[in-house]
Amino acid sequence: MLNRLRALVAAAGLVAVTAVAAPVPASAAEPVSAGFTAADDVFISQAEPAKSFATAEWMSVCGDACNGSSVGQRIALVRFQVTGLPQNVANVHATIEVTSARTTDTTVTARTVTGDWSESATTWNTRPALGGTLGSHTGFAQNATATLDVSSAVTGNGTFSFALTQADATPTVLHSSRASGDRGPRLTVTYTEAPAAGPLPFTLPSTAQLRASGKKVFAHYFTPYPVSLDNQAPANDYYARNYLNPDGESGKHAAYGGLLRDRPLGRDPLGGDWALADFETEVRQAVAAGLDGFTVDILSLTSAHWTRVQKLITAAENVDPGFSIVLMPDMNGLASAGSDAFASAMAQLAASDSVYRLGDGRLVVAPFKAEARTAAWWSDWMETMRTEHGIEVALVPCFLDFNRYRDAFAPISYGFANWGGRNPAANSSLTTNIGRAHDMGKIWMQPVSVQDERPNQGIYDEAGNTENLRVTWKGAIDGGAEWVQLTTWNDYSENTQFAPSRNAGWTYLDINAYYLTCFKLGCPQLTKDVAYVTHRVQPVAAQPSYPETKLMKLRSGSTAGRDTVEVLTMLTGSATVSVTIGGSVQTYTAPAGVSARTLPLRPGSVSASVSRGGGAVAEVSSPYAVSATPYVQDLHYRAVSSGRS
């Protein structure tokens, strides 16, 4: 078994061996559906041309001879914001669902809207221009849903406006988004993902194929940093004003040049429950990246953090009930929580089908820094869960010091996890702990990480571009771990995030998808040439121009700091790679399969091209210039992909 695992790892490009695992057969993509409530909806009336109906709980649609009037036309306007769909959507089918307030034998037609309008201000006199016709529906029953096909107008993410019109003289009355009972207009988008047009160098197996594997891959979700904190445009939202700005929050973070160096991908302001919509976006992103779920860091049993945990669970229910939320109470934040209150809170969350349980029904609880409470305390708490709430718990403690506490926790634990290190030196012998857990009859959840830089703590790890990511996956695969925890999905204060972000886009998730597939099903056949480039925007020793008084220093025991550009290639065949760094060009031959090459970092721009047979097969240019005198100290590795450029 160990030899087979080593061969699999070698095929993944983790060690210098040329063997290649058998490819995973591609299968037809499964349709995925996403639902969106109306961001804006209103109707306008020709008979009352200056009147706004923005507060009405209904929308009236009628022809120009409505109720015998020669100026009786009424038109409904509805706008949807579609977010969270993958870039490579195909076979898109989109429908507007409306609920009728009356029974009428009328025909309503959807049309595109080509002009500007707003829910609050639009009247007949200020109505927008309309475009072509789309789908129609005939016959409306009171409180029943009717469907209009608008597929030809929806191609992916974006803002889409529609007008609902009719020729009949009898009004069709529809519930608006302001009606009680959530009866307003809704857009349902069903799609598949087109592997051939996607950004990955291989065909990612379907969600069903990946989930059929007994191995699980979760990502640690950190509630302080959702997609948006205030629903503002990204240029001036809370992240931009207060966390990325070194003078933000009244200078609170000035000593270290600002709290963060990266942020979630921005988006325009949303209507309705925007926080829930953002969590749904993140669930879709994680599903698209092949993840099984989130381990959610539960920092508090009250406050905004508790609310966000609840919304994240609701988002999983709404988007994909098969996407699991693992409860990970944070024993730093919950140090003073009483056992009974803690048990009641976990039982409340466990009522959701999206909260992860084993096949035998046991609730998985994976406390972070479990050793903050004794094994005896956890045993008593598990008994409370059993007797007071009827819930059997499978405890998977996540330790900061596994070897010190493993023996004490073994009798009460289903499995073990360690929070782990974030540099190659700290991750050089990962199979040892996995073997110890297995010898004790426990499953192991292996931490897989990219990097770690903490401006507010004045410390960083040297990740070595993507080396730490590849080394931690090597440990998981080589050691036969049952589960993996990506640390983290979105902890931007420690710069450990995998989530789509400003500095890396989807690059780390794309690279991760390859190793995730190797871990679950065996390494896939490469079908497309892709190059990934990672680099910092400053040399490690560069001094910032902003007057920071607290600079990050290398963590004790870390891999030595280095100034390198890395080109990680996944190629269908041997090819020539040319890398330009600060105007200097270096060329080398990269083999078929997965390989990484590092080159010296220099001030200026960074780009790479891959050519074969006299033509370019992959090209990527980094939008992040390297400076010898950065504004603030910024040791976060940027990442770009030729598959998404």
Trainee: Check Arg373 with Asp380, please: is the shortest side-chain N to carboxylate O separation under 4.0 Å?
Mentor: no

Trainee: Can you list everything that forms a salt bridge (Lys or Arg N to Asp or Glu O under 4.0 Å) with Glu317? Sequence neighbours excluded, please.
Mentor: none

Trainee: How about Thr190 and His93: does a side-chain donor come under 3.5 Å of a side-chain acceptor?
Mentor: no

Trainee: Can you measure from OG1 (Thr223) to CD1 (Ile298) and round to the nearest 0.5 angstrom?
Mentor: 9.0 Å

Trainee: Taking Asn468 for the side chain and Ala463 for the main chain, is one N or O donor matched with an acceptor at less than 3.5 Å?
Mentor: no

Trainee: Keeping Glu280 on the side-chain end and Ala316 on the backbone end, is there a donor-acceptor pair under 3.5 Å?
Mentor: no

Trainee: What distance do Ser228 atom OG and Tyr238 atom OH have between them, rounded to the nearest 0.5 Å?
Mentor: 12.0 Å

Trainee: Working note: Leu210 + Lys216, criterion side-chain contact (heavy atoms from CB on, under 4.5 Å); need CA distance, chi angles, decisive distance, verdict.
Mentor: CA-CA 9 Å; Leu210 291 172; Lys216 302 296 180 185; over 6 Å; no

Trainee: Do Arg178 and Arg183 have side chains that approach each other closer than 4.5 Å (heavy atoms only, starting at C-beta)?
Mentor: no

Trainee: Going by an N to O cut-off under 4.0 Å, is there a salt bridge joining Lys520 and Asp292?
Mentor: yes

Trainee: I'd like to know if the side chain of Gln457 reaches the main chain of Arg454, judged simply by a donor and an acceptor atom lying under 3.5 Å from each other, with no hydrogens or angles considered.
Mentor: no

Trainee: State, without any angle test, whether Gln81 and Thr83 hold a side-chain donor-acceptor pair at a distance under 3.5 Å.
Mentor: no

Trainee: Output yes when a side-chain donor or acceptor of Thr281 lies under 3.5 Å from a complementary backbone atom of Ala277, and no otherwise.
Mentor: yes

Trainee: Indicate yes or no: does Arg386 engage Glu392 in a salt bridge with an N to O separation below 4.0 Å.
Mentor: yes

Trainee: Could you measure the distance from the CD atom of Glu282 to the CG atom of Leu265? Nearest 0.5 Å is fine.
Mentor: 10.0 Å

Trainee: Quick one, Arg555 and Asp452 - any side-chain contact, counting heavy atoms below 4.5 Å?
Mentor: yes

Trainee: Ignoring hydrogens and geometry, is there a side-chain-to-backbone donor-acceptor pair from Asn512 to Tyr508 under 3.5 Å?
Mentor: no

Trainee: Please verify the inter-ring angle class for Trp377 with Trp381; under 30° counts as parallel, over 60° as perpendicular, anything in between as tilted.
Mentor: parallel

Trainee: Would you say Asp149 and Ser151 are linked by a side-chain donor-acceptor pair, where the criterion is simply a distance under 3.5 Å?
Mentor: yes

Trainee: So, applying side-chain contact (heavy atoms from CB on, under 4.5 Å) with Met346, which one of Val355, Leu301, Ile391 is it?
Mentor: Leu301

Trainee: Quick one: does Ser352's side chain have a donor or acceptor within less than 3.5 Å of a partner on Ser354's backbone?
Mentor: yes

Trainee: Is there any salt bridge (Lys or Arg N to Asp or Glu O under 4.0 Å) pair reaching into residues 424-449, and which pairs are they, with sequence neighbours excluded?
Mentor: none

Trainee: Strictly by modelled atom types, are Asn231 and Arg267 linked by a side-chain donor-acceptor pair under 3.5 Å?
Mentor: yes

Trainee: May I ask you to say whether Glu97 pairs ionically with Arg186, meaning some side-chain N is under 4.0 Å from a carboxylate O?
Mentor: no

Trainee: Begin from the C-alpha positions of Phe294 and Phe323 and carry the test ring-ring contact (aromatic ring centres under 6.0 Å, His included) through to its verdict.
Mentor: CA-CA 8 Å; Phe294 288 137; Phe323 184 82; 5.1 Å; yes

Trainee: Any chance you could measure Ile511, atom CD1, to Met570, atom CE, to the nearest 0.5 Å?
Mentor: 6.0 Å

Trainee: Let's go through Phe519 and Val217 carefully: what are the C-alpha distance in whole Å and the side-chain angles of both, what is the deciding distance for side-chain contact (heavy atoms from CB on, under 4.5 Å) to 0.1 Å, and is it a yes or a no?
Mentor: CA-CA 9 Å; Phe519 173 69; Val217 179; 3.8 Å; yes

Trainee: Mind checking ring pair (Phe, Tyr, Trp, His ring centres under 6.0 Å) for Trp483 and listing every partner two or more places apart, or none if nothing turns up?
Mentor: Phe218, Tyr356

Trainee: What pair of heavy atoms forms the shortest contact from Pro367 to Leu395, and how long is it?
Mentor: CD-CD1, 3.8 Å

Trainee: Is there a donor-acceptor pair under 3.5 Å between the side chain of Lys215 and the backbone N or O of Ala481?
Mentor: yes

Trainee: Using distance only, find each side-chain donor-acceptor pair of residues 283-290 under 3.5 Å and give its atom names and separation, not counting sequence neighbours.
Mentor:
none

Trainee: Is any side-chain heavy atom of Tyr492 closer than 4.5 Å to a side-chain heavy atom of Ser501?
Mentor: yes

Trainee: Write down the atom of Pro447, the atom of Thr472, and the distance for their closest heavy-atom approach.
Mentor: O-CB, 3.7 Å

Trainee: In the structure I gave you, are the side-chain heavy atoms of Val594 and Cys523 within less than 4.5 Å of one another anywhere?
Mentor: no

Trainee: Are Trp489 and Phe222 an aromatic pair, judged by ring center distance below 6.0 Å?
Mentor: no

Trainee: Which pairs with one or both residues in residues 405-420 pass side-chain hydrogen bond (donor to acceptor under 3.5 Å, both in side chains), sequence neighbours excluded?
Mentor: Asn403-Arg406

Trainee: Counting only N and O atoms by type, is there a donor-acceptor contact under 3.5 Å from the side chain of Ser379 to the main-chain atoms of Ala375?
Mentor: no

Trainee: Should we count CG of Asp401 as having more than 12 external heavy atoms under 6.0 Å?
Mentor: yes

Trainee: Regarding Asp278 and Lys311, does a basic nitrogen lie under 4.0 Å from an acidic carboxylate oxygen?
Mentor: no

Trainee: Could you go through the side-chain contact (heavy atoms from CB on, under 4.5 Å) check for Leu260 and Tyr225 one step at a time?
Mentor: CA-CA 11 Å; Leu260 307 183; Tyr225 303 115; 4.1 Å; yes

Trainee: Which heavy-atom pair separates Ala408 from Pro411 by the least distance, and what is that distance?
Mentor: O-CD, 3.5 Å

Trainee: In terms of ring plane angle, is the pair Phe416 and Phe399 parallel, tilted or perpendicular, where the classes change at 30° and 60°?
Mentor: tilted

Trainee: Enumerate the salt bridge (Lys or Arg N to Asp or Glu O under 4.0 Å) contacts for residues 496-509, please, sequence neighbours excluded, ordered by first and then second residue.
Mentor: none

Trainee: Determine, stepwise, if the pair Asp330 / Lys369 fulfils salt bridge (Lys or Arg N to Asp or Glu O under 4.0 Å).
Mentor: CA-CA 7 Å; Asp330 190 316; Lys369 197 180 178 181; over 6 Å; no

Trainee: Return yes if some donor-acceptor pair links the side-chain N/O of Thr466 with the main-chain N/O of Leu469 below 3.5 Å, else return no.
Mentor: no

Trainee: Quick one: are Leu187 and Thr95 in side-chain contact, heavy atoms under 4.5 Å?
Mentor: no

Trainee: Name the orientation class of the two ring planes belonging to His220 and Phe368 (parallel below 30°, tilted from 30 to 60°, perpendicular beyond 60°).
Mentor: tilted

Trainee: Report the distance from atom CD of Gln485 to atom SG of Cys398, rounding to the nearest 0.5 Å.
Mentor: 5.5 Å

Trainee: Is any side-chain heavy atom of Tyr243 closer than 4.5 Å to one of Leu229?
Mentor: yes

Trainee: Please examine the side chains of Thr488 and Glu494, heavy atoms only from C-beta on, and report whether any two atoms are closer than 4.5 Å.
Mentor: no

Trainee: Is there side-chain contact between Val396 and Val365, with heavy atoms separated by less than 4.5 Å?
Mentor: no

Trainee: Can you confirm whether the side chains of Gln497 and Asn490 place a donor and an acceptor under 3.5 Å from each other?
Mentor: no

Trainee: Got more than 12 heavy atoms from elsewhere within 6.0 Å of CG, Asp182?
Mentor: no

Trainee: Judged by modelled atom types alone, do Thr487 and Thr496 share a side-chain donor-acceptor pair under 3.5 Å?
Mentor: no

Trainee: Does Arg362 reach the main-chain N or O of Val393 with its side chain, forming a donor-acceptor pair under 3.5 Å?
Mentor: no

Trainee: Nearest 0.5 Å, what's the CG-OG1 distance between Asn143 and Thr99?
Mentor: 7.5 Å

